[in-house]
Amino acid sequence: MKQTLRSNKDFWAGLVFAGTGAVAMFIARTYPFGTTLRMGPGYFPRVLGGILILFGIYVMVRGLRRYEQIKGNWSIRALIVLPLSMVAFGV
């Protein structure tokens, strides 16, 4: 079986985790960090972003070592209804 990154579900999940952590750290880069005893507004997003990046790297490496293919088809209805329901909840 030929291993491709396109259908490796653990690789893509790790990439999403690492990307979310990177965006969180990027957004919080100008917030004051503070100390452990006196946390600033940037403490939690930076620490959580770092943990997400580390976890994402771990999942990506695990996905490259243990190949598990994405199975099934995309549901068009789910791709339309789920984002619309989140927007409706936000409104």
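Residue indices begin at 1 and follow the sequence shown.
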Please round to the nearest 0.5 Å and tell me the distance separating atom CG of Leu82 and atom CZ of Arg77.
-> 9.5 Å
So Tyr43 and Phe33, would you call those rings parallel, tilted or perpendicular, with 30° and 60° as cut-offs?
-> tilted
Counting N and O atoms only, with roles assigned by atom type, does the side chain of Arg62 sit under 3.5 Å from a partner on the main chain of Ile57, one being a donor and the other an acceptor?
-> no
Passes side-chain contact (heavy atoms from CB on, under 4.5 Å), Phe55 versus Val59? Steps please.
-> CA-CA 6 Å; Phe55 184 68; Val59 171; 3.8 Å; yes
May I ask whether Leu15 and Leu64 are part of the same hydrophobic cluster, defined by side-chain heavy atoms of I, L, V, M, F, W, Y residues being less than 4.5 angstrom apart, directly or through others?
-> yes
Would you say Tyr58 and Leu54 are hydrophobically clustered, going by side-chain heavy atoms of ILVMFWY under 4.5 Å?
-> no
Heavy atoms of Met25 and Ile53 approach each other most closely as SD-CD1, 3.8 Å
I would like to know whether Met60 and Asp10 meet side-chain contact (heavy atoms from CB on, under 4.5 Å); could you show each step before the answer?
-> CA-CA 6 Å; Met60 283 185 347; Asp10 284 337; over 6 Å; no
Work out which heavy atom in Ala24 is nearest to a heavy atom in Gly49; give both atom names and the distance.
-> CB-CA, 4.4 Å
Pro41 to Pro45 - nearest heavy-atom pair and separation | O-CD, 3.4 Å
Applying the 4.5 Å side-chain criterion to the ILVMFWY set and letting contacts propagate, would Leu52 and Trp12 be lumped into a single cluster?
-> no
Chi angles and distances behind the side-chain contact (heavy atoms from CB on, under 4.5 Å) call for Met86, Phe89 | CA-CA 5 Å; Met86 291 190 322; Phe89 178 76; 5.6 Å; no
Please confirm whether the backbone N or O of Phe26 pairs with a side-chain atom of Arg29, one donor and one acceptor, at under 3.5 Å?
-> yes
